[in-house]
Peer 1: 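Have a look at this one before I ask anything.
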Number of protein chains: 2
Amino acid sequence: MAVTIEDVARRAGVSRGTVSNVLNRPDVVSEATRARVLAAMSDLDFIPSQPARMLGGLRNRSIGLVMHDVGHPFFAEIARGVEDVTIRENYVLTLTSTRDDAERERSSLRLLIAQQVSGILLIPTASGAGEVQQVRERGVAAVLLDHEGGAGECSVAVDDIRGGIAATQHLLSLGHRRLAFVGGPGRGRQHSDRLSGMRSALTTAGGRVRPGVQVVTVPADTIACGEEAARSLLADSARRSRPTGILCGNDLLAVGLMRGLGSAGVSVPDDVAVVGYDDIELATLVGTPITSVRQPMYEMGHTAAELLVSEIRDRGHTHRNVRFVPELVVRDSTVRP
Amino acid sequence: MAVTIEDVARRAGVSRGTVSNVLNRPDVVSEATRARVLAAMSDLDFIPSQPARMLGGLRNRSIGLVMHDVGHPFFAEIARGVEDVTIRENYVLTLTSTRDDAERERSSLRLLIAQQVSGILLIPTASGAGEVQQVRERGVAAVLLDHEGGAGECSVAVDDIRGGIAATQHLLSLGHRRLAFVGGPGRGRQHSDRLSGMRSALTTAGGRVRPGVQVVTVPADTIACGEEAARSLLADSARRSRPTGILCGNDLLAVGLMRGLGSAGVSVPDDVAVVGYDDIELATLVGTPITSVRQPMYEMGHTAAELLVSEIRDRGHTHRNVRFVPELVVRDSTVRP
DNA sequence: CTGAAAGCGCTAACAA
DNA sequence: TTGTTAGCGCTTTCAG
């Protein structure tokens, strides 16, 4: 069995209570005995059992992050932002990926609650988001990420409608009149907001703008799906009615789409202009750097984690709904350099 | 306070022990009472406290993964492989990044032990690797990842020397005689093994091969460092003695290096051939797709996690040291298409 | 300032 | 089959 507080107490010639005190209220113990106890601890290489401490009433210094997929650069970057805070604040980070499955989201949340984490950061699945309330009812702090929350909670989000508008205005300003949106259910609310933004930019644009947008639905936010989208786009529409300006729901789709277009002999940006979304590093590295709507991923994770820590720790915490404003970054996929 | 086993027992009109039984040995409880207890649980939305269960002797269904950086594609992909196993086996994954700091590695390990995880996957820092022993001494299962282990332990690694050899032979076969290695301390053992492989390929190559390799040391495995390396490489060597074949310690360095070379007007692969390492997806997506030494990252994570689960669970577990063989993937950065 | 003792929520004998 | 009870390792009163 592992070395317990009892062993330390015996070796230091004190009681369990005293050892516990040097751990939790060092100032209450005399200099001399504290030194003795500390020595005993390090001699025995004592690591106090976290579960036992928690049963004893202490809060767990651990928080959970529930997201779609660590492998996706967008989420990975958010995770980095979160992690830098948890490290600084000495929390343990438990990661769970939902793969955008509501069922998995539920079970992840239960798992984290069972572990008695003191807080949860949740990037809701397309269907989810109502789950947070249940978490809070159990006294576990929670902040929503990449999803706008209500007044009674903290959240960190980005204005996706605005992002959609910015991208669309850019395409319109370049003279494109036949537009398309490539997106999927993968990140439900986000994609539909971006599309809404696109439509709203079109209606307010006035002039002889062709109403409506061709929407290509993809099953996932991946490069492969982007390539697939290119194929269906090229197959569907006659050359004359083919869209010349395309907004993708995220950068991976844009990368795939551009590949697909390229191998079909369609030139970007000469024949078709493509705008991505997120502005992951990859967008700058591909052959034709991609114009994209930048989301401050690292900062989102960082901010959300700080809000969570504050909610966990600060008595007088007031909820905040942080909303970042996305920013269009123009590159070669829409404007020839 | 949260709802406890006591509450469930009262509501179902049974004792705590019975509730515990339906949780842990359902077959021992009668059909009728089990149904009643289950109903009570779901009415109350009971989530058993994991810490309490652990104190009560149960093993924690959680494992820890200690790696350098979630944000790095190489590690992210390993994490995905691990995660798919933990999900399937119903384990919780606690992630910690060391940022290649031995101190952080130590504290991460302590944290995980304190949490009483039942197993740990460790990708050791450059300096570390001796730490695993301490983990095992505390009865926590552990498998080494990306690092060859001894007989008394499980490990999953890739033969980096062989990878270095393969890359070098490729460069030699293309006629390159002035070679360089761009690498850093970031992934210590890995990079030095790759360099060793390079040297060994040179010595065994025979012929009028220029002995030795120019080594450019970089502080980290990043694109920025790769660009920096290009600058120093171009500044250092006179045009005539400049290397024409370069192996990079990883793909990000190669991406950066190629950028740096490109902006200095050096053509890849015409003037210089570049080989990367890892074969992350990005290697295929950049303007000039990169020849790289492929490591099966997802599979490494997957395999390691399965070994760990087996070590945790199977009584008759026998240790295995899995060594993957890397594979050279030739692309445009060494051979013009 | 230190020691003794009562739990925390649950599991696992052991009885009934 | 079910109930009873003794811990698990620690924190936290409360006396001394």
Side-chain angles (χ1 to χ4, degrees), chain A residues 1-38 40-41 44-62 110-111 113-118 138-140, chain B residues 1-38 40-41 44-62 110-111 113-118 138-140:
Chain A
M1 205 53 215
V3 19
T4 80
I5 205 174
E6 185 75 52
D7 302 322
V8 176
R10 198 166 328 130
R11 185 175 235 268
V14 297
S15 74
R16 277 163 29 202
T18 300
V19 176
S20 173
N21 277 337
V22 350
L23 241 30
N24 306 296
R25 311 126 103 199
D27 43 305
V28 109
V29 183
S30 81
E31 176 65 38
T33 50
R34 180 162 31 129
R36 206 143 35 86
V37 171
L38 253 17
M41 284 185 180
L44 267 32
D45 206 352
F46 170 65
I47 300 182
S49 156
Q50 189 62 33
R53 305 185 84 175
M54 298 180 61
L55 259 197
L58 224 63
R59 277 312 243 162
N60 193 352
R61 290 195 78 81
S62 103
R110 287 183 74 88
L111 235 33
I113 291 170
Q115 298 260 348
Q116 313 275 68
V117 297
S118 32
R138 293 176 185 278
V140 178
Chain B
M1 207 51 218
V3 18
T4 79
I5 206 175
E6 186 77 52
D7 302 322
V8 176
R10 200 169 323 135
R11 185 173 234 269
V14 297
S15 74
R16 275 162 29 200
T18 301
V19 177
S20 174
N21 276 338
V22 351
L23 242 28
N24 306 296
R25 311 126 101 194
D27 43 303
V28 108
V29 184
S30 82
E31 178 66 37
T33 50
R34 183 168 24 135
R36 208 142 35 85
V37 170
L38 252 19
M41 284 184 181
L44 267 32
D45 207 351
F46 169 65
I47 300 182
S49 157
Q50 190 59 35
R53 305 185 85 176
M54 298 181 61
L55 261 196
L58 224 62
R59 277 312 244 163
N60 192 353
R61 290 194 78 82
S62 102
R110 286 185 76 88
L111 235 34
I113 292 170
Q115 300 258 348
Q116 313 273 71
V117 296
S118 32
R138 293 177 185 279
V140 179

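Computed over heavy atoms, backbone and side chain alike; hydrogens, waters and symmetry mates excluded. Computed from a predicted structure; not experimentally measured.
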Peer 1: Would you say Arg53(B)'s side chain and Leu58(B)'s backbone share a donor-acceptor pair under 3.5 angstrom?
Peer 2: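 Not at all, since once roles are kept as given, no pair shorter than 3.5 Å links the two residues.
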Peer 1: If you find the nucleotide of DNA chain D closest to Ala52(B) and the one closest to Gly13(B), which residue's nucleotide is nearer the 5' end?
Peer 2: Gly13(B)
Peer 1: Taking only residues two or more places apart in sequence, or in another chain, which ones meet Arg59(A) in a salt bridge (charged side-chain N to carboxylate O under 4.0 Å, His left out)?
Peer 2: none
Peer 1: Please round to 10 degrees the angle between the axis of the first five pairs and the axis of the last five pairs in the helix from dC1(C)-dG16(D) to dA16(C)-dT1(D).
Peer 2: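 Computed angle between terminal axes is 40°.
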Peer 1: Name the closest nucleotide to the Ser30(B) side chain, picking from dC10(D), dT1(D), dC10(C).
Peer 2: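 So the nucleotide nearest the side chain must be dT1(D).
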Peer 1: If you look only at pairs with a residue in residues 15-30 of chain A, which of them pass as a salt bridge (charged side-chain N to carboxylate O under 4.0 Å, His left out), with sequence neighbours excluded?
Peer 2: Glu6(A)-Arg16(A)
Peer 1: Using only side-chain N and O atoms of Thr4(A), determine if any of them is under 4.0 Å from OP1 or OP2 of dC8(D).
Peer 2: no
Peer 1: Report the residues that fulfil side-chain hydrogen bond (donor to acceptor under 3.5 Å, both in side chains) with Arg61(B), sequence neighbours left out, ordered by chain and then residue number.
Peer 2: none
Peer 1: Run the salt bridge (charged side-chain N to carboxylate O under 4.0 Å, His left out) test against Asp45(B) and tell me which residues pass, sequence neighbours left out.
Peer 2: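 Asp45(B): salt bridge (charged side-chain N to carboxylate O under 4.0 Å, His left out) contacts with Arg110(A), Arg138(A).
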Peer 1: Counting side-chain heavy atoms from CB outward, which of dG9(C), dT11(D), dT2(D) is closest to Val29(B)?
Peer 2: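 Ranking dG9(C), dT11(D), dT2(D) by closest atom to the Val29(B) side chain puts dT2(D) first.
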Peer 1: Quick check on contacts: within residues 14-27 of chain A, what sits under 4.0 Å from DNA chain C by heavy-atom distance?
Peer 2: Val14(A), Ser15(A), Arg16(A), Thr18(A)
Peer 1: Gln115(A) CD to dG9(C) P: how many Å, rounded?
Peer 2: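 Distance, rounded to whole Å: 17 Å.
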Peer 1: Can you measure Arg10(B) atom CZ to dG3(D) atom P for me and round it to whole angstrom units?
Peer 2: 14 Å
Peer 1: Listed by chain and number, what are the salt bridge (charged side-chain N to carboxylate O under 4.0 Å, His left out) partners of Arg11(B), not counting sequence neighbours?
Peer 2: Asp43(B)
Peer 1: Whole angstrom is fine here: how far is it from CG in Leu55(B) over to C1' in dA12(C)?
Peer 2: 14 Å
Peer 1: Scan Pro48(A) against the nucleic acid and name what it touches under 4.0 Å (heavy atoms): base, sugar-phosphate only, or nothing.
Peer 2: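 Since only primed, P, OP1 and OP2 atoms lie under 4.0 Å of Pro48(A), the category is sugar-phosphate.
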Peer 1: Is a donor on one side and an acceptor on the other found under 3.5 Å between the side chain of Asn24(B) and the backbone of Asn21(B)?
Peer 2: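 Not at all, since once roles are kept as given, no pair shorter than 3.5 Å links the two residues.
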Peer 1: Take atom CZ of Arg53(B) and atom C1' of dG9(C), then tell me their distance rounded to the nearest Å.
Peer 2: 11 Å
Peer 1: From the options dG9(D), dT2(C), dT2(D), select the nucleotide whose nearest atom is closest to the side chain of Thr33(A).
Peer 2: dT2(C)
Peer 1: List for me each residue that meets side chain to side chain contact (heavy atoms under 4.5 Å, CB included) alongside Ser15(A), sequence neighbours excluded, and say none if there are none.
Peer 2: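 Only Thr18(A) meet the side chain to side chain contact (heavy atoms under 4.5 Å, CB included) criterion with Ser15(A).
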Peer 1: Please enumerate all residues that pass side chain to side chain contact (heavy atoms under 4.5 Å, CB included) together with Leu38(A), with sequence neighbours excluded.
Peer 2: Val22(A), Arg34(A), Met41(A)
